[in-house]
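Next up is a structure, given as structure tokens.
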Amino acid sequence: MALVTLPMLRALTLSDCSLSNDAVGAIAVALHNAPQLETLVLSSNRFGDDGALALAAVLEGAVCLRGLFLANNRVTARGAQALAAALVKAARVQTLDLGDNRIGSEGASAI
């Protein structure tokens, strides 16, 4: 899966698409093709920490991203900690939704 160059894309919603870690990894890699992306919604899929880690790795380069919605997936404390660390460098992100994941108190305190 790859995003073609979409310079004007501002929002991408792929909720409830059964996205795996690999699919989210491909989306993460392709985010540079959507430089104006402000909102990414990947809620209600099947990905876990590996998908969250892939997203965390590219957050700093997603210069316009303001909202990241990852509710109802399989992210644990490990993924939440990676996202929290990435958000320190990507301070422009204003909304992170990790509701209905398995981040526990350890992941919540990292955020």
Side-chain angles (χ1 to χ4, degrees):
M1 175 195 320
L3 288 175
V4 295
T5 300
L6 298 169
M8 300 307 290
L9 184 68
R10 298 222 183 251
L12 178 61
T13 300
L14 295 170
S15 295
D16 202 18
C17 292
S18 299
L19 298 176
S20 65
N21 286 315
D22 290 340
V24 173
I27 291 166
V29 168
L31 285 181
H32 72 277
N33 291 329
Q36 299 298 315
L37 190 69
E38 296 175 354
T39 305
L40 180 59
V41 182
L42 300 177
S43 299
S44 300
N45 283 290
R46 297 181 298 144
F47 70 90
D49 291 333
D50 289 343
L53 289 163
L55 290 169
V58 300
L59 277 182
E60 188 174 358
V63 297
C64 290
L65 192 66
R66 301 285 183 266
L68 183 57
F69 299 86
L70 308 175
N72 194 30
N73 285 293
R74 298 175 181 166
V75 179
T76 70
R78 181 173 151 245
Q81 289 166 337
L83 288 166
L87 288 173
V88 170
K89 296 177 182 175
R92 67 209 153 276
V93 175
Q94 299 170 351
T95 305
L96 173 64
D97 183 358
L98 285 171
D100 294 321
N101 278 286
R102 299 177 180 118
I103 67 171
S105 58
E106 189 177 341
S109 63
I111 299 294

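Just so we're clear, the structure is a prediction, and the values are computed from it rather than from any experiment.
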*Report the residues that fulfil side chain to side chain contact (heavy atoms under 4.5 Å, CB included) with S44, sequence neighbours left out, ordered by chain and then residue number.*
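With sequence neighbours excluded, S44 shows a side chain to side chain contact (heavy atoms under 4.5 Å, CB included) to D16, N72, given in chain and number order.
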*So, for A86 and L59, which heavy atoms are closest and what is the spacing to 0.1 Å?*
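Where A86 meets L59 most closely, the heavy atoms are CB-CD1, 3.8 Å.
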_For a quick test of reading the model, state the closest non-hydrogen atom pair linking A77 to G107 and the distance between them._
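The pair with the smallest heavy-atom distance is CB-N, 3.7 Å.
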*Can you list the steps and then say if R74 with D50 is a salt bridge (charged side-chain N to carboxylate O under 4.0 Å, His left out)?*
CA-CA 10 Å; R74 298 175 181 166; D50 289 343; over 6 Å; no
_Counting C-beta onward and ignoring hydrogens, is there a side-chain heavy-atom pair between V41 and L12 closer than 4.5 Å?_
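They are not in side-chain contact.
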_Which residues pass the side chain to side chain contact (heavy atoms under 4.5 Å, CB included) test with V63, not counting sequence neighbours?_
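For V63 the side chain to side chain contact (heavy atoms under 4.5 Å, CB included) partners, ignoring immediate neighbours, are R92.
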_Is there a path of hydrophobic side-chain contacts, each under 4.5 Å between heavy atoms, that joins L98 and L53?_
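No, no single cluster joins them.
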*asked:* Same cluster or not: L6 versus V29, using hydrophobic residues (I, L, V, M, F, W, Y) connected whenever any side-chain heavy atoms lie under 4.5 Å apart?
replied: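 No: no chain of side-chain contacts under 4.5 Å links L6 to V29.
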*Using the side chain to side chain contact (heavy atoms under 4.5 Å, CB included) rule, take R78 and E106 through it: C-alpha gap first, then chi angles, then the decisive distance, then the call.*
CA-CA 9 Å; R78 181 173 151 245; E106 189 177 341; over 6 Å; no
*asked:* Does F47 form a side chain to side chain contact (heavy atoms under 4.5 Å, CB included) with L70? I'd like the steps, not just the answer.
replied: CA-CA 9 Å; F47 70 90; L70 308 175; 3.9 Å; yes
_Side chain D49, main chain G79, donor-acceptor under 3.5 Å_ =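 Yes; judged by distance alone, with no hydrogens or angles, the pair exists.
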*With sequence neighbours excluded, what pairs up with D22 under the side chain to side chain contact (heavy atoms under 4.5 Å, CB included) test?*
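By the side chain to side chain contact (heavy atoms under 4.5 Å, CB included) rule, D22 matches S20.
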*asked:* Please give me the minimum heavy-atom distance between A84 and I111, naming the atom from each residue.
replied: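 Reported closest heavy-atom pair: CB-CD1, 3.8 Å.
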*Nearest-0.5 Å distance, CZ of residue F69 to OG1 of residue T39*: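 One finds 6.0 Å between CZ of F69 and OG1 of T39.
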_Rounded at 0.5 Å granularity, tell me how far OG in S109 sits from CD1 in I103._
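Separation between the atoms: 8.5 Å.
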_Give me the atom names and distance for the closest heavy-atom approach of G25 to A54._
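Scanning both residues, the minimum pair turns out to be CA-CB, 3.8 Å.
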_Residues that E60 engages under side chain to side chain donor-acceptor pair (under 3.5 Å), provided they are two or more places apart_ =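 E60 satisfies side chain to side chain donor-acceptor pair (under 3.5 Å) with no residue once adjacent residues are dropped.
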*How many angstroms lie between atom CG of L37 and atom CG of L31, to the nearest 0.5 angstrom?*
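L37 atom CG to L31 atom CG measures 6.5 Å (nearest 0.5 Å).
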_Qualifying residue for side chain to side chain contact (heavy atoms under 4.5 Å, CB included) with N73, from N45, N21, V24_ =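 In the set N45, N21, V24, the residue that makes a side chain to side chain contact (heavy atoms under 4.5 Å, CB included) with N73 is N45.
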*Which pair of non-hydrogen atoms, one from P35 and one from C64, has the smallest distance, and what is that distance?*
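So the two residues come closest at O-SG, 3.5 Å.
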*Taking salt bridge (charged side-chain N to carboxylate O under 4.0 Å, His left out) as the test, write out the residues that go with R10, two or more places apart.*
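Residues passing salt bridge (charged side-chain N to carboxylate O under 4.0 Å, His left out) with R10: E38.
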*Under the side chain to side chain contact (heavy atoms under 4.5 Å, CB included) rule, what do D97 and L68 come out as? Steps first, then yes or no, please.*
CA-CA 6 Å; D97 183 358; L68 183 57; over 6 Å; no
*Could you give the distance from CG (L9) to CG (N33), rounded to the nearest 0.5 Å?*
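CG of N33 is found 10.5 Å from CG of L9.
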_Close side-chain approach of T76 and N101, heavy atoms under 4.5 Å_ =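 T76 does not reach N101 side chain to side chain.
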*Apply side chain to side chain contact (heavy atoms under 4.5 Å, CB included) to A62 and list each qualifying residue two or more places apart in sequence or on a separate chain.*
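By the side chain to side chain contact (heavy atoms under 4.5 Å, CB included) rule, A62 matches L65.
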